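Working notes for the structure below.
When reading the values below, keep in mind they use all heavy atoms of this one structure, side chains included, and skip hydrogens, waters and symmetry mates. These numbers were taken from a predicted model, which means no experiment stands behind them.
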2 protein chains.
Amino acid sequence: MDEFSFIDSIKQKYYRQPTLLRGVGDDAAVFRQQNRDIVTSVDTMVENVHFSKHTMSLFHAGYRALAANISDLAAMGATPAFYLTSIVIPSDLKAESVTRIFSGMDYLASMYQMDLIGGDTVSGSELSISITVIGYTDSGKARYRSSAREGDVIFVTGSLGDSQAGFHILTNKGEYVEEDYFIRRHRMPSPRAEFAAELQGVRRVSLNDISDGLASELNEIAEASQLTMVVKETALPVSTHYSQFPTQLQYKWKLYGGEDFELVGTVAKEDWESVREAAENTNTPITRIGYVARPQSSHVYLETANGKTPLYKEGYTHLK
Amino acid sequence: MDEFSFIDSIKQKYYRQPTLLRGVGDDAAVFRQQNRDIVTSVDTMVENVHFSKHTMSLFHAGYRALAANISDLAAMGATPAFYLTSIVIPSDLKAESVTRIFSGMDYLASMYQMDLIGGDTVSGSELSISITVIGYTDSGKARYRSSAREGDVIFVTGSLGDSQAGFHILTNKGEYVEEDYFIRRHRMPSPRAEFAAELQGVRRVSLNDISDGLASELNEIAEASQLTMVVKETALPVSTHYSQFPTQLQYKWKLYGGEDFELVGTVAKEDWESVREAAENTNTPITRIGYVARPQSSHVYLETANGKTPLYKEGYTHLK
């Protein structure tokens with residue numbers, strides 16, 4: 001497959017976004033946006049660092065790379081619109097295999113009416129997938145980590161630790177209940193973009209997506225807002241069959257596991273009901289897990305049966 | 001250097017673009033744009049494929065990677081505004097070395113008042129620098145390859161073949177005149193963004209930047225516009241001491257060499273004077289090199305003393 005038939009094979013037959021003026025095919029893409037703010041971010045996955053062929057097909061790698069990026073937009077309260085890709089392709093990878101990466105991305109993109117508007121594929125020694133996403137928020141409605149206030153309710157979407165549980169199943173021998181569910185949560189996580197967009201009516205929300213683990217993301221909100229976050233261990237949402245895994249791993253994964261691409265955020269008590277409604281309107285499980293307190297000696301505390309323990313970011317690093 | 005002090009070291013102390021609402025530091029950047037169209041593109045450079053430490057420092061690699069991206073914006077007639085980076089870093093590369101890549105980018109970015117608004121640095125086995133750029137054009141003023149019309153004047157900025165000449169000097173023993181000039185043109189090419197922006201007043205311009213060689217870029221305009229381009233060999237602009245290189249290489253480089261990041265374009269005869277003025281206002285050398293004709297059996301012809309020869313894209317591929 002030469003370069004031109006390859007581009008033809010990944011080029012969308014039609015575009016979904018009405019704001020797009022020119023997609024793939026010139027030196028750059030062009031779009032027009034009058035009334036909304038534009039949100040953009042980049043995220044990269046390298047083979048054998050961030051994913052491995054042993055646990056993911058190329059379709060899944062493409063899907064997951066875009067999911068991580070959409071999750072960043074969701075964490076800003078933005079609705080996804082466009083993406084641009086840069087893929088480094090090892091020489092032993094056939095063009096047909098590369099199209100599978102694009103299929104995985106397009107599978108997810110089509111759910112969000114996103115358009116692929118630019119891309120670069122270059123040769124190299126290791127497979128790496130870099131994606132830039134562009135989305136929109138209503139004017140002035142981007143959500144920042146620094147927006148938490150004392151007295152806020154802390155909430156989290158979905159369930160925690162599932163992605164690591166799925167990875168555990170894929171890499172350890174054993175018999176588990178609902179293996180497919182956990183594996184799917186690892187390979188094909190669902191970023192919470194619809195819920196995030198549904199929050200546009202709420203006055204103030206702080207948001208972060210759980211890419212590096214709940215402890216790390218809570219610390220980021222706490223640091224940016226210069227406050228302290230207190231969460232209750234028994235309140236942390238886990239999926240039905242999560243208890244089948246070793247207790248210590250359960251604890252690690254739900255606090256430091258990451259890659260669930262759920263959202264964690266805070267909102268004023270009086271707006272908690274609106275957030276709950278936004279979750280209901282978008283079929284998003286949501287749980288209240290704690291509250292925002294005045295600054296204390298640590299940024300984040302976990303309330304357990306044995307009292308309060310500080311929760312640090314570094315947990316995740318230990319896991320790696 | 002840990003991740004956070006590294007981010008601090010590359011984070012701009014202040015931002016230059018008034019449209020930026022939030023730069024580096026949250027899940028994504030946010031900007032607002034009401035009256036102009038937004039242009040975006042991505043381009044990637046891999047070590048030992050697109051550049052080598054033998055001919056370029058890391059500072060130059062960063063500079064050149066951003067230059068290639070700005071050149072894509074220039075080819076759309078857009079003014080550069082933002083960039084996001086994704087850098088894959090081999091484990092033997094120190095953080096201090098990585099900051100040199102960012103210094104090279106910032107050196108060029110500051111000339112265009114561009115802001116670094118997002119980035120991802122991940123570990124891997126080979127150095128790769130991927131950049132997404134975002135720029136603006138006046139509403140409806142993006143320049144496309146498909147805009148050429150029969151009778152148009154074909155023009156090119158600057159001089160052709162210099163980048164390959166510089167690479168030749170760096171990789172071959174020999175004594176040359178003006179070595180520094182040619183090496184600089186290879187390592188630190190000047191994308192023609194100011195000239196491209198100055199063209200906004202001209203009604204219709206087709207534009208392409210010379211990244212893959214003049215022959216290839218002319219073919220792209222001809223194909224997109226479904227016309228034929230005729231250029232005169234003696235009219236092709238070369239720099240003062242270009243004639244010191246072997247005749248065959250001179251010919252190859254100026255037609256197929258690429259990476260000069262000059263602009264080639266077409267404009268109606270009656271607007272040629274406006275284009276010349278835009279060049280003068282921005283200190284951009286410009287040369288009229290041919291004309292656009294009705295579709296013929298080949299997309300591009302070179303007029304030489306021996307008559308007309310078809311010019312194909314593939315020349316560049318042979319060179320590699």
Side-chain angles (χ1 to χ4, degrees), chain A residues 21-22 25-50 71-76 78 82 84-88 117-126 128 130-135 137 139-140 142-146 207-209 224, chain B residues 21-22 25-50 71-76 78 82 84-88 117-126 128 130-135 137 139-140 142-146 207-209 224:
Chain A
L21 301 179
R22 181 67 62 121
D26 216 293
D27 292 295
V30 186
F31 62 99
R32 184 173 295 173
Q33 184 47 240
Q34 307 278 341
N35 305 312
R36 289 180 289 177
D37 292 343
I38 299 148
V39 181
T40 182
S41 163
V42 64
D43 196 71
T44 305
M45 268 174 50
V46 178
E47 185 173 0
N48 299 326
V49 178
H50 302 92
S71 185
D72 279 326
L73 290 180
M76 300 299 288
F82 305 116
L84 302 92
T85 61
S86 163
I87 305 195
V88 179
I117 60 168
D120 199 16
T121 51
V122 297
S123 53
S125 67
E126 79 194 333
S128 126
S130 177
I131 303 182
T132 301
V133 277
I134 297 172
T137 66
S139 199
R143 308 302 192 174
Y144 301 119
R145 296 173 190 162
S146 54
L207 270 187
N208 212 350
D209 69 316
Chain B
L21 302 179
R22 181 68 60 122
D26 217 294
D27 292 294
V30 185
F31 62 98
R32 184 173 295 173
Q33 184 46 241
Q34 307 279 342
N35 305 312
R36 288 180 290 176
D37 291 343
I38 299 148
V39 181
T40 183
S41 163
V42 64
D43 195 71
T44 305
M45 267 174 48
V46 178
E47 186 174 359
N48 299 326
V49 177
H50 302 92
S71 185
D72 279 326
L73 290 180
M76 300 299 288
F82 305 116
L84 301 93
T85 60
S86 163
I87 306 197
V88 179
I117 60 168
D120 198 16
T121 50
V122 297
S123 53
S125 66
E126 78 193 334
S128 124
S130 177
I131 303 181
T132 302
V133 278
I134 296 171
T137 66
S139 198
R143 307 304 191 172
Y144 301 119
R145 296 173 190 161
S146 54
L207 270 187
N208 212 350
D209 69 316

Nearest atoms (heavy-atom pairs only) where Arg143(A) meets Asp26(B): O-OD1, 4.3 Å

Which portion of Val39(A) sits near chain B, non-hydrogen atoms under 4.5 angstrom: both

Contact summary for Thr44(B) and Asp120(A), nearest pair of heavy atoms: N-OD2, 2.7 Å

Residue part contacting chain A, namely of Ser139(B), when any heavy atom lies under 4.5 Å: both

Heavy-atom contact with chain A under 4.5 Å, split by part of Val49(B): side chain

Structural part of Ser128(A) lying under 4.5 Å from a heavy atom of chain B: side chain

Any donor-acceptor pair under 3.5 Å from Gln33(B) side chain to Gln33(A) backbone: no

Partners meeting salt bridge (Lys or Arg N to Asp or Glu O under 4.0 Å) with Asp209(B) (sequence neighbours left out): none

Pairing residues for Arg36(A) by the salt bridge (Lys or Arg N to Asp or Glu O under 4.0 Å) criterion, not counting sequence neighbours: none

Interchain contact, Asn48(B) with chain A, by part (heavy-atom threshold 4.5 Å): neither

Gap separating the CD atom of Gln34(A) from the CG atom of Asp37(B), nearest 0.5 angstrom: 8.0 Å

Ile134(A) portion near chain B, given a 4.5 angstrom heavy-atom threshold: side chain

Proximal component of Ala142(A), with respect to chain B [non-hydrogen, under 4.5 Å]: side chain

Under 4.5 Å from a heavy atom of chain B, the part of Val42(A) involved: both

